[in-house]
Amino acid sequence: MLSALSQFFAPTTRRRGAARLAVSVVASGLVVAGSLAGAGAAVADDTLQHRGGAAATLDGLMTYDKALLHSDGQTHELPAGLFEMTVDGGGKLKTYCIDIHNPTQDQARYLETPWAQTSLGANKNAGKIRWILQNSYPQVDDLAALAESAGTGPLTAKTAAAGTQVAIWRHSDNADVDAVDPGAEKLADWLERSADHLGEPKASLTLEPGAVSGRSGERLGPVTVRTDADSVAVSPPADAAAMGIKITDKSGKPVTEAADGTQLYFDIPEDTADGTASLSVQTATSVPVGRAFAGVTKSQTQILAGSSESTVSATATATWAAKGAMPAITAEKNCAKGGVDVTAVNKGDEPFTFTLAGQEYAVEAGKSRTVTVPVAEDQAYDFTITGPGGLARNFQGVLDCRTSGNPGSPADGTTTQLAPATAGGTVGTDGLDLAETGASNATPVIAGVAIGLVVLGGAAVFFFRKKNDPSTED
């Protein structure tokens, strides 16, 4: 039976807003500058590819039992169960692994991520994984009822977590894996056999698009709120108000609270110097079960099994000028193309030129263009877009779009014993020093995000496509 998870963790029915956080409209880099080639103020924006939601740090593997992975004629013993994460700003998450052949990194940073930007995007069984999460531990924490439904015999939290993880691995990695405990194995078999397809859950909080631009003296937008929470509060800071910048609806009415589907606008006074501002929204909500979490550095991808009321946030930027080019620049992982899409939308009346990896590109007035930057699987990237007037936008991340499936042995040839991914792993409920569930004890630590790992080569490494923009035509 579904019930409130012990202590902090909520089931599918969410408690929202009990500790709702104020939303800040942060005028980051509201730099006063002249119209330099119409490109706006000189700003630097170090941006991980995060469309919004929860950001968290991995605490470690907490509730688990043993499993056996059969691969390439060998058998590898590994722990299987639930991880815990601590959310930035408050909150706790429980997650399972969906990337068995890769290790976790101790204290790795994770971001809530759309399925399409992970291995789930190309996995026809992704919906079955969500069904398993909804119908097993910890969402179903009445272990006697779960055991009766699955016909397993008595279950503990550890064996229920192990059986659930094993069933997930069979769908996420096509892995030949069994739980050691007989009851856990029966649970895994029942979950695998019973799983039905469910759709991807909505993001806890995003702002779409992530960037807008236009002429000073106008309302720039809309930026649409997408959230699983009941509402988010909106409160512009004093420095933006002092410059006359407001966050409003389409008619110009100031917005103090927003809900899913609310459209927000940056209201920029006509005499405001060319510049850029960031709109950041925050609230507290339970993150929907089934949301994916990808590592900021290389660390096995996770999927959410339970959430306390947690801090979630999202950011959008606005760039304005009196005349000339008016660029809005965003970047997003594109697993289907094996790279990062960098999109520039020019709402101005002059072409916008930008430089990326030594190559210069132009976007005509009123047009948009997307450059797909190829990035190798599991590779860190760090590249900067520069433009007139000192414009600089930096984008960082790791492309982690695929699992290794079930074709071979673990990366380091481990046979029976799993070691921590890094020194000083997390002590789990059995007192073992285990920081991972992946079938590797290698330590491919990418510190920070590798500086300088940018696009190699010239124009040949870029693939262009026109981004659909309903407001423009080529």
- Item | Verdict with supporting geometry, Val342 and Ile385, side chain to side chain contact (heavy atoms under 4.5 Å, CB included) | CA-CA 9 Å; Val342 178; Ile385 298 165; 3.0 Å; yes
[X] (side chain) donor-acceptor with [Y] (main chain) under 3.5 angstrom:
X: Lys246; Y: Val255; result: no
X: Glu112; Y: Gly53; result: no
X: Gln282; Y: Thr311; result: no
X: Glu200; Y: Pro114; result: no
X: Arg109; Y: Thr297; result: no
X: Thr113; Y: Leu111; result: yes
X: Arg226; Y: Leu205; result: no
X: Asn123; Y: His171; result: yes
X: Arg130; Y: Gly199; result: yes
X: Asn334; Y: Val340; result: no

For the atom pair [atom1] ([X]) and [atom2] ([Y]), what is the distance rounded to the nearest 0.5 Å?
X: Asp173; Y: Arg402; atom1: CG; atom2: CZ; answer: 13.5 Å
X: Ser286; Y: Leu304; atom1: OG; atom2: CG; answer: 9.5 Å
X: Thr319; Y: Asp274; atom1: OG1; atom2: CG; answer: 10.0 Å

- Could you please spell out the steps behind the side chain to side chain donor-acceptor pair (under 3.5 Å) verdict for Lys94 and Ser307? CA-CA 6 Å; Lys94 290 188 177 183; Ser307 169; over 6 Å; no
- Item | Ionic contact status for Asp400 with Lys298, cut-off 4.0 Å | yes
- Message: Assess the residue pair Thr57 and Tyr110 against the criterion (side chain to side chain donor-acceptor pair (under 3.5 Å)); give the C-alpha distance rounded to whole Å, side-chain angles, the decisive distance to 0.1 Å, and a yes or no.
- Response: CA-CA 6 Å; Thr57 299; Tyr110 279 83; over 6 Å; no
Determine the minimum heavy-atom distance between [X] and [Y], stating which atoms define it.
X: Leu220; Y: Gly214; result: CD2-CA, 3.5 Å
X: Lys124; Y: His197; result: O-CE1, 3.1 Å
X: Arg291; Y: Lys202; result: CD-O, 3.4 Å
X: Leu61; Y: Leu82; result: CD1-O, 3.4 Å
X: Trp169; Y: Pro79; result: CH2-O, 3.6 Å
X: Gln302; Y: Thr95; result: OE1-OG1, 2.8 Å

- Message: With side chain to side chain donor-acceptor pair (under 3.5 Å) as the test, pick out the partner of Thr343 among Thr372, Thr330, Thr370.
- Response: Thr370
- Using the side chain to side chain donor-acceptor pair (under 3.5 Å) rule, take Asp228 and Ser204 through it: C-alpha gap first, then chi angles, then the decisive distance, then the call. CA-CA 5 Å; Asp228 191 60; Ser204 60; over 6 Å; no
